[in-house]
There are 2 protein chains.
Amino acid sequence: MKSAVQTKDTREAILDATDMLLARYGYKKMTIDDLAQEVGIGKGSVYLHFPSKEEIALSQIDRIIERLKSKLRTISNGSAAPDKRLREMLIERVMFRFDSVNHYSQSLNEMLSYLRPKLLQRRKRYFDEEARIFSEVIADGQKTKAFVAGDPFDLAQTLVTATNALLPYSLSAFELGDRKDVAERTKKTADLLINGLKK
Amino acid sequence: MKSAVQTKDTREAILDATDMLLARYGYKKMTIDDLAQEVGIGKGSVYLHFPSKEEIALSQIDRIIERLKSKLRTISNGSAAPDKRLREMLIERVMFRFDSVNHYSQSLNEMLSYLRPKLLQRRKRYFDEEARIFSEVIADGQKTKAFVAGDPFDLAQTLVTATNALLPYSLSAFELGDRKDVAERTKKTADLLINGLKK
DNA sequence: CCAATGACCCAAATGGTCTTATGGTCATAA
DNA sequence: TTATGACCATAAGACCATTTGGGTCATTGG
């Protein structure tokens, strides 16, 4: 990875290195110099791809969510019954995040202390975008009268809110508890919520 | 309030003063001297009631939760139908906290940074205790076949988890959003959850 | 000519030193 | 016996010099 990048897009390489260095050093301690060296480029070249250190870290978080959304869309577009799809999506939204930041250990809260306002904004955006994907499945379920009536997006936002406490955010993955336990709590919450949609 | 305390229990007076000073100065800036003066006692007398500064702040948080639990019990023991009681309790658990710490503005997260491990522990305990009160109402609803079968405490914990993201914790009341908005989101979440219990 | 580079700039961070403040203790007085 | 505030030790803050690191840009090589 320290050799000049030839087989991989530089922007992605920077984000990969960011992922690793955030986990190792946290936001504050991670330097652009370290990053450049890790990628095998000059320090100034980093700024050809990202306007600031802050934006690099935020873009890494964005990337995690983009990957999640892609997974949610795959499930959403599947052929299972809408309630089964919803359940799988709720679980995925929690567990994918958990696994994506699990190696960040204590550094998640540290990042929050530096990037709080912008992270909060993005967080709101992420939830909106996720809810949009969820709402499509809800609308599906409503067409066949399997789900209650109501604005699909509104209902989706409720699903999102109800599972938000299970996400690693200010609580690190470590603080959230054992992975198995988080998964279990997520399933139970999802089941109750979907059951509520069915009436 | 600066006069010697005669008509009010000293411990309560200390906690009242803590509530006010936490809101004004935050945890770090609040001094035991300020506290003692606010109550009208000597600085050393504070330590007759609390072992440490840390414990004073934690006890104030405990007190908020005790008041909440009292309110939850009142609702729980009411004569309304179980689903109506549950709904009211879920809303109360969110809004009572919101209102109790709303005047803390930015200082909630500051407190968290100093008291994190102990706050997390207590937080777990609070949730357990709340879930116990909820489980009684769930058991009530199960007796009349109005609610689904299952361990009442387990189901109650799910209700608690599903509304946890709405509580002010690392997100201040300010960051959680407009009070009206929080209440609205809480109601929608409660409705969906209770609907899920009814099947 | 254009993109990559690393030297440069400057504000922020850090480390060292001294001073002050504060949590907690305890001798004293009521 | 209990309340008090002076005392103590350590932590925190202020100050200053030095170093560091985010961001910029003049230079070079392809």
Side-chain angles (χ1 to χ4, degrees), chain A residues 1-22 24-61 107 110-111 113-119, chain B residues 1-22 24-61 107 110-111 113-119:
Chain A
M1 183 45 105
K2 292 206 180 161
S3 59
V5 177
Q6 291 185 337
T7 61
K8 192 163 183 175
D9 181 50
T10 304
R11 191 177 191 277
E12 286 297 303
I14 294 170
L15 292 180
D16 287 342
T18 299
D19 187 47
M20 188 200 68
L21 292 177
L22 280 179
R24 185 186 296 168
Y25 300 127
Y27 178 76
K28 184 180 176 184
K29 201 87 187 130
M30 175 184 87
T31 65
I32 303 293
D33 227 349
D34 288 342
L35 209 43
Q37 280 171 43
E38 197 60 44
V39 179
I41 58 176
K43 185 179 167 197
S45 296
V46 175
Y47 292 88
L48 298 179
H49 300 274
F50 300 95
S52 65
K53 178 181 179 180
E54 190 174 81
E55 193 57 36
I56 297 172
L58 291 169
S59 294
Q60 165 53 12
I61 304 294
S107 56
E110 185 246 11
M111 206 183 316
S113 69
Y114 290 103
L115 305 174
R116 195 181 187 87
K118 289 192 177 169
L119 258 182
Chain B
M1 182 48 99
K2 291 204 181 162
S3 60
V5 177
Q6 291 184 338
T7 60
K8 192 164 184 175
D9 180 49
T10 303
R11 191 177 192 276
E12 285 297 301
I14 293 170
L15 292 181
D16 288 340
T18 300
D19 187 47
M20 188 200 67
L21 294 176
L22 279 180
R24 185 185 296 169
Y25 301 127
Y27 180 75
K28 184 180 175 185
K29 199 89 184 120
M30 175 185 86
T31 65
I32 303 294
D33 227 349
D34 288 342
L35 209 44
Q37 279 171 44
E38 198 60 44
V39 180
I41 58 177
K43 185 181 168 198
S45 298
V46 175
Y47 292 89
L48 299 179
H49 301 274
F50 299 96
S52 65
K53 179 183 179 180
E54 189 175 81
E55 193 58 36
I56 296 172
L58 290 169
S59 294
Q60 164 55 12
I61 305 295
S107 58
E110 185 246 12
M111 205 183 316
S113 69
Y114 290 103
L115 305 174
R116 194 179 188 89
K118 288 191 178 170
L119 259 182

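Residue numbering restarts at 1 for every chain, and letters A, B, ... go by the order of the sequence lines.
Protein atom CD of B:Glu54 is 18 Å distant from nucleotide atom P of C:dT22, rounded to whole Å. A:Ile56 places its CD1 atom 8 Å from the P atom of D:dG23, with the value rounded to the nearest Å. When the C1' atom of C:dT5 is taken as reference, atom CD1 of A:Ile14 falls 14 Å away, rounded to whole Å. Rounded to whole Å, the distance from CG on B:Leu48 to C1' on D:dT4 is 10 Å. Rounded to an integer number of Å, the gap from A:Tyr114 OH to D:dG22 C1' is 14 Å. One interatomic measurement links the two molecules: CD1 of B:Ile32 to C1' of D:dT4, which rounds to 15 Å at whole-angstrom precision. Counting to the nearest Å, the P atom of D:dG23 and the NZ atom of A:Lys53 are 8 Å from each other. Going from atom CG of B:Asp33 over to atom C1' of C:dT20 covers 14 Å, rounded to whole Å.
A:Lys43 comes within 4.0 angstrom of a nucleotide base, judged by non-hydrogen atoms across all strands. Base engagement by A:Ser45 is indicated by at least one non-hydrogen atom pair under 4.0 Å involving a base atom. B:Lys29 comes within 4.0 angstrom of nothing in the nucleic acid, heavy atoms only.
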message: side chain to side chain contact (heavy atoms under 4.5 Å, CB included) for A:His49 and A:Ser59? Distances and angles first, verdict last.
response: CA-CA 11 Å; A:His49 300 274; A:Ser59 294; over 6 Å; no
message: Test side chain to side chain contact (heavy atoms under 4.5 Å, CB included) on B:Phe50 and B:Ile32; report intermediate values, then the result.
response: CA-CA 11 Å; B:Phe50 299 96; B:Ile32 303 294; over 6 Å; no
message: Could you go through B:Met30 and B:Asp34, starting from their C-alpha distance and side-chain angles, then the distance that decides it, and tell me whether this counts as side chain to side chain contact (heavy atoms under 4.5 Å, CB included)?
response: CA-CA 7 Å; B:Met30 175 185 86; B:Asp34 288 342; 5.6 Å; no
task: Tell me, with the steps shown, if B:Thr10 and B:Ile14 meet side chain to side chain contact (heavy atoms under 4.5 Å, CB included).
output: CA-CA 6 Å; B:Thr10 303; B:Ile14 293 170; 4.0 Å; yes
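B:Tyr27 places a side-chain heavy atom less than 4.5 Å from the side chain of B:Glu54.
The listed nucleotides are C:dG24, C:dT5, D:dT4; the one nearest the side chain of B:Ile41 is D:dT4. In this structure, the nucleotide among C:dA4, C:dT14, C:dG23 sitting nearest to the side chain of B:Thr31 is C:dG23.
An OP1 or OP2 oxygen of D:dG13 is reached within less than 4.0 angstrom by a side-chain nitrogen or oxygen of B:Lys28.
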